[in-house]
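Have a look at the structure below, then the notes.
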Amino acid sequence: MKKNTPHGKRGRPRAFDADKALGAAMRVFWKRGYEGASLPELTRAMGINRPSMYAAFGNKEALFRKALDRYMEEGGALLRDAMAEPTSRRAVERLLTSIVRKLSTGQIRGCLLVQGALACRDSSDPIRKALAARRAATERTLRERFERGIAEGDLPRKADPAALAKFVATLQNGIAVQMAGGADRETMLSAIDVALRGWPK
């Protein structure tokens, strides 16, 4: 016969803050990538055991997708604020410099959308595709902003919005990779300045 607790009730699993746990998982994935983040490391960072993780978030892939949603929510404001600048060039400058400042002051340097897919095996192809779709969505937002720039006259009519969007997205991803490798803020800001000297007028 099982013994009851002193209050006459059986013990219950300790409650945890799901929001904080998801934030902790996001940081592990951000730092390690999808493949590099082990379940023991994830559950240790989240402060829960594996059964609790499965019950609250699903398997590792489901947890990663929820963490990716959280990451996009936090980074979405940065993109929206930048795209609201009055000209396309100022929008790009604000976006790239904001990324540099964020990565240089945070505990993790780099981008989850880039680092998350590093060294993915074939079995993780759905994750690679999910990350590619998020990067493509950002690029689409950039293209739409540049199309508006042409319509409003701050970009020449001969400008190619798709090519410009690819250029900026490449800069954005390159900055994240460079900073993950230890590049300092001043170097990256100087690189942005050089890149924007050739912006279409």
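This chain uses plain numbering: 1 for the first residue, then up along the sequence.
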May I ask you to decide whether Arg70 forms a salt bridge with Asp19, counting only side-chain N to carboxylate O separations under 4.0 Å? yes
Can you tell me how far apart CG (Leu68) and CG (Leu63) are? Round to the nearest 0.5 Å. 11.0 Å
With side chain to side chain contact (heavy atoms under 4.5 Å, CB included) as the test, would you mind laying out the steps for Phe64 and Leu42 before giving the verdict? CA-CA 10 Å; Phe64 180 82; Leu42 285 164; over 6 Å; no
Can Lys60 be said to sit on top of Tyr34's aromatic six-ring, NZ or CZ under 6.0 Å from centre and within 45° of the ring axis? yes
When rounded to the nearest 0.5 angstrom, what is the spacing between NZ in Lys201 and CG in Asp154? 12.5 Å
Shortest non-hydrogen separation from Met46 to Ala21 and the atoms involved: CG-O, 3.3 Å
Work out which heavy atom in Ile150 is nearest to a heavy atom in Pro161; give both atom names and the distance. CD1-CG, 3.6 Å
List the atom of Glu61, the atom of Pro126, and the distance in Å for their closest heavy-atom pair. OE2-CB, 3.9 Å
Work out which heavy atom in Leu22 is nearest to a heavy atom in Ala67; give both atom names and the distance. CD1-N, 3.7 Å
Nearest heavy-atom contact between Gly36 and Glu41 is O-OE1, 4.1 Å
Working to the nearest 0.5 angstrom, can you tell me the gap between Arg185 CZ and Lys102 NZ? 15.0 Å
If you measure from CD on Gln172 to CG on Leu95, what distance do you get to the nearest 0.5 Å? 5.0 Å
Roughly how far, to the nearest 0.5 Å, is CZ of Arg50 from CZ of Arg44? 11.5 Å
Would you give the length of the straight line joining atom CG of Asp193 to atom CE of Met188, rounded to the nearest 0.5 angstrom? 12.5 Å
Do Arg145 side-chain atoms and Met83 backbone N/O form a donor-acceptor pair below 3.5 Å? yes
Gly149 versus Ser88, closest heavy-atom pair with distance: CA-OG, 3.6 Å
For Thr97, which residues count as a side-chain contact (heavy atoms from CB on, under 4.5 Å) partner, sequence neighbours excluded? Glu93, Arg101, Leu189, Ile192
Quick one: does Ser98's side chain get under 4.5 Å of Asp81's, heavy atoms only? no
Show the numbers, then the answer: is there a side chain to side chain contact (heavy atoms under 4.5 Å, CB included) between Gln178 and Thr187? CA-CA 10 Å; Gln178 289 286 329; Thr187 299; over 6 Å; no
Taking the basic N atoms (NZ, or NE/NH1/NH2) and the acidic carboxylate oxygens, is any pair closer than 4.0 Å for Arg65 and Asp69? no
Pairwise side-chain contact, Thr87 with Leu155, heavy-atom cut-off 4.5 Å (strictly under): no
Pairs satisfying ring-ring contact (aromatic ring centres under 6.0 Å, His included), at least one member in residues 36-61, at least two apart: none
Test: salt bridge (charged side-chain N to carboxylate O under 4.0 Å, His left out). Region: residues 155-175. Which pairs qualify, not counting sequence neighbours? Glu139-Lys166
